[in-house]
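Worksheet for the structure shown next.
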Amino acid sequence: MENQQKNIQLNSRGQLRHFLSINGLDREILTEILDTADSFIKVGERSVKNVPLLRGRTVTNLFFEPSTRTRTTFELAAKRLSADVLNLDISTSATSKGESLLDTLRNLEAMGSDLFVVRHAASGAAHFIAEQVTPNVAVVNAGDGRHAHPTQAMLDMLTIRRHRGAFENLKVAIVGDILHSRVARSQITALNILGAAEVRVIAPGTLLPSNLEAFDVKIYNQMSEGLKDADVVIMLRLQLERMKGALIPSEREFYQTYGLTKETLSYAKPDAIVMHPGPINRGVEIASSVADGPQSLILNEVSYGIAVRMAILSMTASGQTQTEGLEE
Amino acid sequence: MDISVDKLIDDVSASLERYIAEKGIDNPSIVGIHTGGVWVAQRLHKNLNIANPLGSLNISFYRDDFTQIGLHPRVTPSELPFEVDGQHLLLVDDVIMSGRTIRAALNELFDYGRPASVTLITLVSLEGRELPVQPDLCGTEMKLDKGTQIKLEGPEPLRLICRESS
């Protein structure tokens with residue numbers, strides 16, 4: 001084994017057993033996730049969209065932070081795998097009555113939950129839970145603080161691969177509020193591992209994290225330079241609710257400099273695809289004409305999100321199985 | 001192993017042709033089970049001049065041993081390029097032994113629709129059934145020595161390989 005350091009995400013056979021972060025996973029595993037997701041897209045085209053893989057298992061959505069898209073697509077993904085789904089809205093649950101996170105967790109385990117999907121405002125929360133759960137229970141990170149949102153990154157990778165093919169030939173530009181974006185961090189890592197030709201970020205200096213040198217990216221402050229010859233343009237939401245202090249002069253000024261409009265999009269390749277993890281702020285980071293335009297894949301991303309989450313739920317559940325895989 | 005797969009397929013093609021005529025099966029579709037079953041199905045599809053496009057089934061999402069052995073990596077998606085509702089299906093696999101693969105395949109087929117009928121064709125039928133599932137037509141029946149298993153290798157040429165089971 002190359003890496004002697006124990007990676008909590010993998011079992012002794014190197015298979016996925018938790019999905020917490022893109023970091024620590026290799027190209028082979030990421031490709032396996034994408035391939036499996038492709039198969040689930042086919043299943044989603046049938047009249048009966050369910051398969052019996054996780055029949056009898058319980059998936060608990062543990063959401064400490066509000067989310068619509070991610071929670072519903074995880075719920076749908078689990079249901080299409082025939083699992084039972086428990087949605088726990090923490091603001092109305094026992095933690096608000098003073099129960100500790102670990103006690104809540106133990107109770108849910110006692111109810112027979114096999115898989116936790118965790119969204120939390122604190123970075124590292126899913127990792128912490130994965131360390132605490134009993135063996136045979138899988139944990140999937142659905143977004144933790146500013147750290148990572150790996151299932152979103154994987155559905156973006158699936159979108160790129162399905163619509164643009166091999167990563168080796170692609171220039172990908174990520175635009176906007178990199179500083180607050182856990183999605184951007186996971187995307188950059190995934191693109192680097194999958195071997196994208198070039199990963200660029202375009203943002204004002206105030207919205208760039210200080211540790212960006214650790215990532216293999218090219219940094220631009222101008223749309224005209226950063227989008228030149230780009231194959232993929234990923235817009236990020238301006239996370240105004242997380243901004244303390246004046247990081248940007250005004251929304252309007254941000255839109256004028258970094259908003260994706262028909263004009264700025266014309267810097268990229270004519271057939272460049274436009275993506276956005278959502279929710280989109282029309283007229284803040286993206287023009288309606290682009291968001292609803294022919295190059296936009298924003299709604300495709302949502303459908304692919306179900307397939308990617310089906311792949312990750314079934315792979316992590318599979319990675320919890322104890323015996324050696326048999327050949328057919 | 002001195003079994004000619006080509007001869008087996010020719011024999012099965014001939015008996016399948018008779019079977020279809022006897023039973024009056026109208027406009028059937030052929031479905032092969034990944035991977036070996038698809039190879040056999042391709043040959044039968046050609047030999048019998050079946051008009052409908054060939055279907056393939058990957059039963060990985062329907063296996064009953066997920067809790068023991070987990071998910072098979074790299075699942076090639078199932079492809080049924082015709083309406084399953086009301087269709088006569090010829091389901092093809094290379095080898096039948098326990099019958100569990102066929103159980104899974106039938107479950108998957110019914111998630112696509114309600115076929116008019118399903119006929120099961122296998123190249124080899126091995127002793128060792130664990131479920132009440134029998135092929136309607138098979139090329140040859142065999143009993144394996146303990147600790148050996150049989151596998152169809154292909155796609156070109158198709159060969160039946162007997163080996164020690166791991």
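In the text below, chain A, chain B and the rest are named by the order of the sequence lines, each starting its count at 1.
In this structure, chain B has a heavy atom under 4.5 Å from the side chain of A/Arg57, while its backbone stays farther away. For B/Ser78, the part lying under 4.5 angstrom from a heavy atom of chain A is the backbone only. When heavy atoms are compared at a cutoff of 4.5 Å, A/Leu54 approaches chain B solely by way of its side chain, counted from C-beta outward.
A donor-acceptor contact shorter than 3.5 Å links the side chain of A/Ser82 to the backbone of A/Val51.
A salt bridge is defined here as a Lys NZ or Arg NE, NH1 or NH2 lying under 4.0 Å from an Asp or Glu carboxylate O, and A/Arg119 with A/Asp144 fails to meet this definition. A/Asp84 and A/Lys79 are not joined by a salt bridge, as no carboxylate oxygen comes within less than 4.0 angstrom of a charged side-chain nitrogen.
Remark: the B/Ser60 side chain and the B/Asn58 side chain contain an N/O donor-acceptor pair separated by less than 3.5 Å.
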